[in-house]
Structures are given as structure tokens and as C-alpha cells.
Student: 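Handing you a structure now.
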Amino acid sequence: MSAVPHTRVEYDLEFTGGDYSDVGQFAYIPHRVIDEFGGGIQEAFKAHTGIDPVHIVNYNLDEAYDANGRFLEDWDSDVTEEPVVNAPGR
């Protein structure tokens, strides 16, 4: 079974734009969530984390990680479904 791909988004609650040389925190946004927002990472980040996207420092849509932050070297770009467990109303 392939791991569900996520995009790693670096953010810092103190960051609101400009140059950034520190190391922020990371959120892993499932590709299916990004797809739900038409590929809009800012909207997907806000929906998934509840954090204003103005705090996004960096992301790369060409890389994929699993939900635990492990880099996926051979990820399948066709896998966007995430198993739904105990998700009422879906």
C-alpha cells in the first residue's frame, strides 16, 4: 500500500512576510485537501491547520511526504485518497 502523499508547509507564527532565515514549524497537508481547494495551498493550509496562511514561509508542491514527515522518494502522484476512519458526515 502506498503512503498518502502530503505537501510539507513550513510556517512560523511570527512570520508575516519578507526574508526568513530561521527554521519554522512544519505542517503536512494531504494532497487530497489541496485538490479540494483547486490546488490552492494557502486555502488548504488554512482549512487543515486553522492557521492564517500569511505565516507560510515555504512549501514545494513537487515533493511529497507521508503524514509523519517522512520524505516519499517514489510517491505515486495518482494517489490522492486518504483512508477515512471514523469520519461522520463524510
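Values below: all heavy atoms of this structure, side chains included; hydrogens, waters and symmetry mates excluded. These numbers were taken from a predicted model, which means no experiment stands behind them. In what follows, residues are counted from 1 in the order of the sequence shown.
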Student: Measure the shortest side-chain to side-chain distance between V9 and F26 over non-hydrogen atoms and say whether it is less than 4.5 angstrom.
Tutor: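 They are not in contact (no side-chain heavy atoms under 4.5 Å apart), so the answer is no.
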Student: Under 4.5 Å between side-chain heavy atoms, counting indirect links through other Ile/Leu/Val/Met/Phe/Trp/Tyr residues: same cluster for I56 and I34 or not?
Tutor: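 I56 clusters together with I34.
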Student: Please name all residues satisfying side-chain contact (heavy atoms from CB on, under 4.5 Å) with L13, sequence neighbours left out, ordered by chain then number.
Tutor: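 Applying side-chain contact (heavy atoms from CB on, under 4.5 Å) to L13 gives Y11, I51, H55.
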Student: What distance do Q42 atom CD and F37 atom CZ have between them, rounded to the nearest 0.5 Å?
Tutor: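 If I round to the nearest 0.5 Å, the distance is 12.0 Å.
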Student: So, for L72 and V4, which heavy atoms are closest and what is the spacing to 0.1 Å?
Tutor: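 Taking L72 first and V4 second, the nearest heavy atoms are CD1-O, 4.3 Å.
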Student: Is it the case that R8 places NZ or CZ above or below the six-membered ring of Y28, under 6.0 angstrom from the centre and within 45 degrees of the axis?
Tutor: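 No, R8 and Y28 do not form such a contact.
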Student: Measure across V33 and H48 and return the closest heavy-atom pair with its distance rounded to 0.1 Å.
Tutor: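 Nearest pair, atom of V33 first, then H48: CG2-ND1, 4.4 Å.
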Student: Any donor-acceptor pair under 3.5 Å linking the side chain of Q25 with the backbone of D12?
Tutor: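 Answer holds: no.
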Student: Please write out which residues are connected to V57 in a hydrophobic cluster, directly or through intermediates, given that two of Ile, Leu, Val, Met, Phe, Trp, Tyr count as joined at side-chain heavy-atom separations below 4.5 angstrom.
Tutor: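 Answer for V57: F15, Y20.
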Student: With a 3.5 Å distance limit and no angle check, can you tell me whether H31 reaches the backbone of I29 through a side-chain donor-acceptor pair?
Tutor: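 Answer holds: no.
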Student: Return the CD to OH distance between E10 and Y59, rounded to the nearest 0.5 Å.
Tutor: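 These two atoms lie 13.0 Å from each other.
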Student: Can you list the steps and then say if R32 with E36 is a side chain to side chain contact (heavy atoms under 4.5 Å, CB included)?
Tutor: CA-CA 6 Å; R32 69 164 179 77; E36 287 174 13; 3.3 Å; yes
Student: Quick one: pull up CG in D66 and NE2 in H6 and give me the separation to the nearest 0.5 Å.
Tutor: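 Here the interatomic distance stands at 7.5 Å.
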Student: Answer yes or no: is there a side-chain heavy-atom contact under 4.5 Å between E63 and F71?
Tutor: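 Touching, per the 4.5 Å side-chain cut-off.
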Student: Go through T7 and N60 one step at a time and tell me if the side chain to side chain contact (heavy atoms under 4.5 Å, CB included) criterion holds.
Tutor: CA-CA 7 Å; T7 292; N60 184 344; over 6 Å; no
